[in-house]
Amino acid sequence: MAKERVVWAKKLPEVYKKLDEIDKVIAGHLDSGLLELVKLRASVLNGCSFCIDLHTQQALEAGESQQRLFLVSAWYEAGAIFSDAERAVLALTDEITRLGEHGVSDEVYDGAAEHFDDQELSALIAAAAMMNLYNRLAVTSHLHPRKR
């Protein structure tokens with residue numbers, strides 16, 4: 001029988017507090033709807049059910065449509081459901097999340113840079129990286145969404 005997993009945020013609350021502070025800085029530079037798309041897409045790619053549930057709920061509360069949230073998992077096939085800027089951000093999130101030996105391609109980076117200034121682009125990169133950290137912590141800890 002597997003040992004119960006540690007919940008990192010409960011054992012290292014000072015780390016969670018610092019990460020939360022970083023999240024707030026990032027959020028101060030981005031539209032909240034766009035930020036939730038980044039968080040949701042990274043969570044889908046990483047298979048983090050806890051984070052998918054959390055960010056779906058937060059996006060709904062912020063006014064995001066169910067249709068767009070359902071289509072985040074297949075954004076590249078969703079056509080005009082997502083704007084060009086959103087598609088560029090989702091492509092960037094994909095490449096940051098699936099970071100391989102070649103990193104983020106110039107094509108994807110330049111596509112995002114066409115729509116966002118340097119500060120916003122920096123915040124988007126940081127948001128995707130932070131979400132990947134949170135996903136890895138939650139998946140490793142076996143955090144699961146609560147049934148509603």
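What's counted below: heavy atoms across the whole structure, side chains too, no hydrogens, waters or symmetry copies.
Hydrophobic cluster membership differs between Leu45 and Leu34, with clusters built from Ile, Leu, Val, Met, Phe, Trp and Tyr side chains linked at under 4.5 angstrom. Follow the hydrophobic side-chain contacts under 4.5 Å out from Leu19 and you never reach Val139; the two are in separate clusters. Follow the hydrophobic side-chain contacts under 4.5 Å out from Leu71 and you reach Leu69 in the same cluster. Connection of Leu137 to Val7 is not established within any shared hydrophobic cluster, with ILVMFWY side chains joined at heavy-atom distances below 4.5 Å, either directly or through further cluster members. One hydrophobic cluster, built from ILVMFWY side chains closer than 4.5 Å, holds both Val44 and Ile81.
With rounding to the nearest 0.5 Å, the separation of OG in Ser32 from CD in Glu61 is 11.5 Å. Here Arg87 contributes atom CZ and Tyr76 contributes atom OH; the two are 11.0 Å apart, rounded to the nearest 0.5 Å. For the atom pair CD1 of Ile26 and CG of Leu35, the computed distance is 7.5 Å after rounding to the nearest 0.5 Å. To the nearest 0.5 Å, the span separating NE2 on His29 from CG on Leu124 amounts to 11.5 Å. With rounding to the nearest 0.5 angstrom, the CG atom of Leu92 is 11.5 Å from the NE2 atom of His115. Annotation: the span from Arg136 atom CZ to Met131 atom CE amounts to 10.5 Å, rounded to 0.5 Å.
For the pair Cys48 and Asn135, the tightest heavy-atom approach, listed with the atom from each and the gap, is CB-ND2, 3.6 Å. The shortest non-hydrogen separation linking Arg5 to Thr140 is NH1-O, 2.7 Å. Heavy-atom minimum distance, Glu86 versus Ser83: OE1-N, 2.8 Å. Closest approach of Arg41 and Val72 over heavy atoms only: NH1-O, 3.2 Å.
Residues passing the salt bridge (charged side-chain N to carboxylate O under 4.0 Å, His left out) test with Asp110, sequence neighbours excluded: none. Arg148 pairs by the salt bridge (charged side-chain N to carboxylate O under 4.0 Å, His left out) definition with Asp53, not counting sequence neighbours.
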Quick one, Phe82 with Val89, criterion side-chain contact (heavy atoms from CB on, under 4.5 Å). Give me CA distance, side-chain angles, the key distance, then yes/no.
CA-CA 10 Å; Phe82 298 102; Val89 167; over 6 Å; no
Begin with the C-alpha distance, continue with both residues' side-chain angles, and end with the deciding distance and a verdict on side-chain hydrogen bond (donor to acceptor under 3.5 Å, both in side chains) for Asp23 and Tyr134.
CA-CA 11 Å; Asp23 277 342; Tyr134 280 122; 2.9 Å; yes
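Heavy-atom neighbours of Gln119 CD from other residues, nucleotides or ligands within 6.0 Å: at or below the threshold of 12. In Glu21, the CD atom is crowded: over 12 heavy atoms of neighbouring residues, nucleotides or ligands sit closer than 6.0 Å. Enclosure of atom CG in Asp117 by more than 12 non-hydrogen atoms of other residues, nucleotides or ligands within 6.0 angstrom is indicated.
Paired with Asp20 under the rule salt bridge (Lys or Arg N to Asp or Glu O under 4.0 Å), one option of Lys24, Lys17, Lys18 passes, and it is Lys24. Evaluated for a side chain to side chain donor-acceptor pair (under 3.5 Å) with His55, the options Glu36, Glu64, Lys39 yield exactly one hit, Glu36.
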